[in-house]
Engineer: 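This is the structure I want to talk about, given as structure tokens.
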Amino acid sequence: MSALSSGTRTFHMIEAVADRFEGAPRQLRRRWSDDFKARAVAETLEPGSSVSAIARRLD
């Protein structure tokens, strides 16, 4: 009788490791000023604005 026909299931545990890959570039978090964020959000509230287009333009 196979494991599938008997209703038995086998599970394997894997361990996730949070370390960086060797040689991977370090990415720094970008920090935006409160003024910049306020202007960017205000721009998205304009009629007909595209959030994705604004985000691409502002990088």
Engineer: Same hydrophobic cluster for L58 and V51, using side-chain heavy-atom links shorter than 4.5 Å among ILVMFWY?
Structural biologist: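 The answer is no; the residues belong to distinct hydrophobic clusters.
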
Engineer: Grab the two heavy atoms, one from S49 and one from T44, that are nearest each other, plus how far apart they are.
Structural biologist: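 Looking at all heavy atoms of both residues, the shortest contact is OG-O, 2.6 Å.
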
Engineer: Take atom CG of D35 as the centre, draw a 6.0 Å sphere, and report whether it contains more than 12 heavy atoms from other residues, nucleotides or ligands.
Structural biologist: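 Enclosed: over 12 neighbouring heavy atoms sit under 6.0 Å from CG of D35.
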
Engineer: Tell me, with the steps shown, if R30 and D59 meet side chain to side chain contact (heavy atoms under 4.5 Å, CB included).
Structural biologist: CA-CA 11 Å; R30 291 188 256 187; D59 191 34; 4.1 Å; yes

